[in-house]
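Here's the structure we're looking at; comments come further down.
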Amino acid sequence: MIKAIKGMKDILPEEIPQWRRIEQAARDVFESYLYREIRTPVLEPTELFSRSIGNATDIVEKEMYTFEDSHQSVSMRPENTAGVVRALIEARLYEARGPQRYYYVGPMFRRERPQKGRFRQFHQIGIEAFGDPGPYVDAEIIQMTCRFFRELGIHGYEVRVNSLGCHTCRPAYVEKLKMAIYLIEGSLCEDCRRRRETNPLRVLDCKNCQEQLSGLPLITENLCLPCLEHFDGFRAHLQQFSIPYVLAPRLVRGLDYYTRTAFEFASVSGALGSQNSLLGGGRYDGLVKNLGGPEVVGIGFALGIERLILALTGPPAEPTPVAYVAHLEMEGFRKAVELAEKLRDQGVAVAVANPLKQLKAQFKEADRIGATTVYVIGPDEIRDGVVKVKDMTTGEQRVVPENDIVPSFSE
RNA sequence: GUGAGCGUAGCUCAAUCUGGCAGAGCGCCGGACUGUGGAUCCGGUUGUUGGGGGUUCAAUUCCCCUCGCUCACCCCA
């Protein structure tokens with residue numbers, strides 16, 4: 001049997017209503033904040049990702065699906081900020097009047113070992129806002145996400161915020177941090193000692209060594225003045241919007257391009273297994289320029305649809321009502337097909353049994369597909385010019401003149 | 001990339017520890033009911049025990065290899 005590739009899943013019809021609900025809520029909410037949809041290719045030049053996400057990150061180093069295509073290295077997108085920024089530059093969207101706010105929905109690819117809430121093909125909904133340097137946008141994005149979550153009835157989460165500094169203050173802080181780690185290195189786990197060089201900020205987040213780490217300097221205490229003002233402004237706006245949040249000075253994003261504001265919506269319900277990040281994002285003020293565009297600042301986030309579904313509670317959507325046309329003998333079958341087409345003209349979903357199927361079997365089938373109404377047409381009905389109509393929930397059946405069959409059956 | 005657990009009927013799982021005819025429930029098909037579903041009863045159907053090799057008179061069971069799935073680490077949405 002040919003099976004789907006590891007970490008890639010079919011989304012079966014049963015699950016589709018949930019996906020549509022999430023996507024629709026996102027479109028409605030984001031568009032109410034003047035975000036517009038953008039669709040970019042799944043395949044991009046590998047260089048786009050190595051230059052934006054960062055060459056030394058796990059994503060670029062070992063998780064991308066990369067191959068040669070006519071002497072060019074191309075990769076399937078592991079995230080979509082880089083693609084949107086490329087489009088912004090390529091189409092000179094930054095020159096347009098009005099807000100440059102975009103959202104996207106689509107599959108992303110990372111070649112990791114799959115586990116709960118993590119797949120090799122997964123789906124993200126994300127937004128990017130360009131050209132606005134002030135902290136108000138940062139807070140507005142959080143507000144917008146809270147509205148989106150509220151719309152979906154998701155509650156078991158917390159908002160975590162941090163500032164990662166900028167090109168002025170971060171390098172100095174990283175050096176300071178490295179030095180501090182060096183001093184306590186002996187008490188740290190193997191991973192942390194490795195991370196001191198590869199990704200010092202990550203050390204702060206280590207689950208094994210929290211006790212030893214309490215004395216390390218925090219980025220929030222080492223911000224330059226502009227970064228500090230931005231961070232304070234951001235938090236003041238959150239308070240103004242009455243959004244509860246947790247200060248997470250150890251929150252680090254895994255992508256190199258982030259500056260200043262970084263945030264995360266984390267599930268606190270345990271529904272995501274060991275993954276708890278529902279959504280992550282932040283500001284990336286240097287990225288557009290880095291990729292060859294003008295000095296345009298940006299901020300954005302992405303959320304994982306599969307993870308959102310895990311966090312979703314509540315009853316599944318009700319199935320849409322359907323009708324079934326049962327029949328006897330070829331004569332009845334012909335009439336049944338006609339009736340079914342008339343009902344479809346009225347917008348009703350209708351199934352017709354194969355010709356000459358036993359009536360009993362037809363009713364069984366009607367029951368199985370969840371038909372709310374069954375119409376019966378046989379020689380007797382044709383002779384009398386009527387159709388029998390059975391309500392499958394109550395079991396009641398009545399005789400209706402053929403010409404009166406409008407979509408009057410109960411929903 | 002590393003570690004652990006699990007692969008038995010369409011589905012959920014027994015039997016594996018202690019080797020001895022591969023089972024149950026659900027589903028499906030049919031009948032009781034020849035023009036009426038769901039409930040009940042009766043009957044029937046369902047297998048490369050993931051694959052390969054080894055030990056043994058005998059392997060679903062024990063051993064080795066391999067593939068797959070799941071969870072966790074790493075990292076992230």
Side-chain angles (χ1 to χ4, degrees), chain A residues 1-7 9 22 53-54 56-63 77-81 104-126 145 157 189-192 194-195 198-199 201-202 205-208 251-255 258 263-267 272-282 300-311 324 326-329 332 353 357-382 388-397:
Chain A
M1 183 174 36
I2 299 178
K3 295 197 290 183
I5 290 168
K6 184 200 286 279
K9 305 257 185 231
I22 289 171
I53 297 168
T57 58
D58 281 8
I59 293 178
V60 169
E61 216 166 53
K62 51 193 188 193
E63 293 175 0
R77 60 185 186 193
E79 56 96 48
N80 206 26
T81 297
Y104 59 84
V105 180
M108 308 296 158
F109 303 85
R110 292 182 199 174
R111 201 178 173 289
E112 303 175 270
R113 269 297 250 281
Q115 68 190 70
K116 195 178 184 73
R118 164 194 265 170
F119 309 95
R120 288 185 170 188
Q121 174 174 340
F122 60 104
H123 298 79
Q124 287 189 332
I125 299 175
T145 305
Y157 67 88
C189 71
E190 205 178 309
D191 282 337
C192 282
R194 175 177 52 80
R195 278 188 288 236
T198 59
N199 196 348
L201 293 178
R202 270 261 156 258
D205 216 14
C206 180
K207 287 156 194 144
N208 306 322
L251 172 68
V252 177
R253 310 266 78 230
L255 292 69
Y258 285 113
F263 59 92
E264 178 175 275
F265 279 54
S267 164
L272 301 206
S274 81
Q275 262 63 243
N276 61 9
S277 179
L278 283 167
L279 172 152
F301 67 68
L303 64 90
I305 299 182
E306 285 86 351
R307 290 189 183 177
L308 214 55
I309 287 174
L310 288 176
Y324 189 95
H327 50 76
L328 288 137
E329 317 206 354
K357 193 181 176 97
Q358 277 190 31
L359 189 64
K360 188 188 188 70
Q362 293 186 51
F363 267 87
K364 272 194 175 176
E365 187 171 67
D367 190 54
R368 213 171 15 233
I369 66 172
T372 47
T373 308
V374 173
Y375 299 86
V376 185
I377 305 176
D380 298 352
E381 286 77 14
I382 292 173
K388 283 195 176 128
V389 181
K390 181 164 183 173
D391 182 324
M392 294 295 276
T393 47
T394 64
E396 274 172 46
Q397 183 169 290

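Per chain, numbering begins at 1; letters A, B, ... match sequence-line order. Treat the numbers as computed from the prediction; the structure is a model and nothing was measured. Just so it is clear, the values below take in all heavy atoms, side chains as well, and ignore hydrogens, waters and symmetry mates.
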Next on the checklist: Once you apply a heavy-atom cut-off of 4.0 Å, does Val376(A) come out as touching a base, just sugar-phosphate, or nothing?
Outcome noted: base

Next on the checklist: What's Gln397(A) touching, base or sugar-phosphate or nothing? Going by heavy atoms closer than 4.0 Å.
Outcome noted: base

Checklist entry - Side chain of Phe363(A): nearest nucleotide among rU70(B), rA77(B), rG37(B)? => result rG37(B)

Next on the checklist: Give me the distance, rounded to whole Å, that separates rG7(B) from rC13(B) when you measure between the C1' atoms they each carry.
Outcome noted: 13 Å

Item to check | Separation between the C1' atoms of rU46(B) and rU34(B), rounded to whole Å | outcome: 29 Å

Item to check | Dot-bracket notation for RNA chain B, counting Watson-Crick and G-U pairs under 3.5 Å, with | for partners on another strand | outcome: (((((((..((((......[..)))).(((((.......))))).....(((((..]....))))))))))))....

Item to check | Check: Ile305(A) and Ile125(A) side chains under 4.5 Å, non-hydrogen atoms | outcome: yes

Checklist entry - Does a side chain donor of either Gln362(A) or Tyr324(A) reach within less than 3.5 Å of an acceptor in the other side chain? => result no

Item to check | Touch class at under 4.0 angstrom, heavy-atom based, for Phe119(A) against every strand present | outcome: base

Checklist entry - Side chains of Tyr375(A) and His327(A): closer than 4.5 Å at any heavy-atom pair? => result no

Next on the checklist: Judged by each residue's nearest nucleotide on RNA chain B, which is more toward the 5′ side, Ile5(A) or Gln275(A)?
Outcome noted: Ile5(A)

Checklist entry - At under 4.0 Å between heavy atoms, what does Gln362(A) touch on the DNA or RNA strands: base, sugar-phosphate, or nothing? => result nothing

Next on the checklist: Within the 4.0 Å heavy-atom criterion, would you say Glu79(A) contacts the bases, only the backbone, or no part of the nucleic acid?
Outcome noted: nothing

Checklist entry - So, is Lys364(A) close to the rG27(B) phosphate, meaning a side-chain N or O under 4.0 Å from OP1 or OP2? => result no

Next on the checklist: Salt bridge or not between Arg120(A) and Glu112(A)? Use side-chain N to carboxylate O under 4.0 Å.
Outcome noted: no

Checklist entry - Touch check for Arg253(A), heavy atoms < 4.0 angstrom, all strands: base, sugar-phosphate only, or nothing? => result sugar-phosphate

Item to check | Between rG35(B) and rA39(B) - P atom distance, rounded Å | outcome: 23 Å

Checklist entry - Across the strands shown, which category fits Gly117(A) at heavy-atom distances under 4.0 angstrom: base, sugar-phosphate, nothing? => result base

Checklist outcome for this item: Taking rG37(B), rA72(B), rU70(B) as options, the one with an atom nearest any side-chain atom of Asp367(A) is rG37(B)

Item to check | Nearest-Å distance once atom P is located in both rU60(B) and rG54(B) | outcome: 14 Å

Checklist entry - Does the base of rG68(B) carry an N or O that pairs as donor and acceptor with the side chain of Lys6(A) under 3.5 Å? => result no

Next on the checklist: Distance criterion of 3.5 Å, no angle test: do you see the side chain of Glu329(A) paired donor-to-acceptor with the base of rG35(B)?
Outcome noted: no

Next on the checklist: Would you measure the distance from the P atom in rC69(B) across to the matching atom in rC11(B) and give it in whole Å?
Outcome noted: 16 Å

Checklist entry - Please give, in whole Å, the distance from rG1(B) C1' to Arg110(A) CZ? => result 17 Å

Next on the checklist: Expressed as a whole number of angstroms, how long is the span from Tyr324(A):OH to rG38(B):P?
Outcome noted: 14 Å

Checklist entry - Is there a side-chain contact between Arg307(A) and Leu278(A), using heavy atoms and a 4.5 Å cut-off? => result yes

Checklist entry - Roughly how many Å is it from CG in Leu272(A) to C1' in rA72(B), rounded to a whole number? => result 15 Å

Checklist entry - Would you say a side-chain N or O of Lys360(A) is under 4.0 Å from OP1 or OP2 of rG37(B)? => result yes

Next on the checklist: Using a heavy-atom cut-off of 4.0 Å across all strands, would you classify Leu308(A) as base, sugar-phosphate, or nothing?
Outcome noted: nothing

Item to check | Side-chain touch Val376(A)/Val374(A), heavy atoms, less than 4.5 angstrom | outcome: yes

Next on the checklist: I need the CE-C1' distance between Met392(A) and rA39(B), as an integer number of Å.
Outcome noted: 14 Å

Checklist entry - Mind checking the P distance from rA22(B) to rG47(B)? Whole angstroms is fine. => result 13 Å

Checklist entry - Touch check for Lys3(A), heavy atoms < 4.0 angstrom, all strands: base, sugar-phosphate only, or nothing? => result sugar-phosphate

Checklist entry - Looking only at side-chain N and O atoms, does Ser274(A) come under 4.0 Å of OP1 or OP2 in rC73(B)? => result yes

Next on the checklist: Are Arg77(A) and Pro107(A) packed together at the side-chain level, in the sense that at least one heavy-atom pair is separated by less than 4.5 angstrom?
Outcome noted: yes

Next on the checklist: Rounded to whole Å, how long is the line connecting atom CD of Gln115(A) with atom P of rG68(B)?
Outcome noted: 18 Å

Checklist entry - What is the nucleic acid contact for Gly395(A), judged by heavy atoms within less than 4.0 Å: base, sugar-phosphate only, or nothing? => result base

Checklist outcome for this item: One should read off an interatomic distance between Arg110(A) CZ and Phe119(A) CZ, to the nearest 0.5 angstrom, of 13.5 Å

Checklist entry - Expressed in whole Å, how much space separates the C1' atoms belonging to rG23(B) and rG68(B)? => result 25 Å

Checklist entry - Does Arg368(A) put a side-chain nitrogen or oxygen below 4.0 Å from OP1 or OP2 of rC28(B)? => result yes

Checklist entry - Taking the same atom, C1', in rG31(B) and in rU16(B), what whole-Å distance lies between them? => result 39 Å

Checklist entry - Taking the nucleotide of RNA chain B with the closest heavy atom to each, which residue, Gly7(A) or Glu396(A), is nearer the 5' end? => result Glu396(A)

Checklist entry - Hey, are Glu264(A) and Arg253(A) close enough for a salt bridge, meaning a charged N less than 4.0 Å from a carboxylate O? => result yes

Next on the checklist: Rounded to whole Å, please give me the gap between NZ in Lys116(A) and C1' in rA77(B).
Outcome noted: 16 Å

Checklist entry - Which part of the nucleic acid, if any, lies within reach of Ala302(A) when heavy atoms closer than 4.0 Å are counted: base, sugar-phosphate only, or nothing? => result sugar-phosphate

Next on the checklist: How many whole angstroms separate atom NZ of Lys357(A) from atom P of rG35(B)?
Outcome noted: 16 Å

Item to check | Sugar-phosphate only, base, or nothing, as touched by Ile305(A) at under 4.0 Å among non-hydrogen atoms | outcome: nothing

Next on the checklist: Measuring only between side-chain heavy atoms, which start at C-beta, is Phe301(A) closer than 4.5 Å to Thr81(A)?
Outcome noted: no

Checklist entry - For Leu359(A) and rG30(B), what is the distance between atoms CG and P respectively, to the nearest whole Å? => result 13 Å

Item to check | Base of rU34(B) paired with side chain of Gln358(A) (donor-acceptor, under 3.5 Å) | outcome: no

Checklist entry - How about Thr373(A) and Lys390(A): do any of their side-chain heavy atoms sit closer than 4.5 Å? => result no

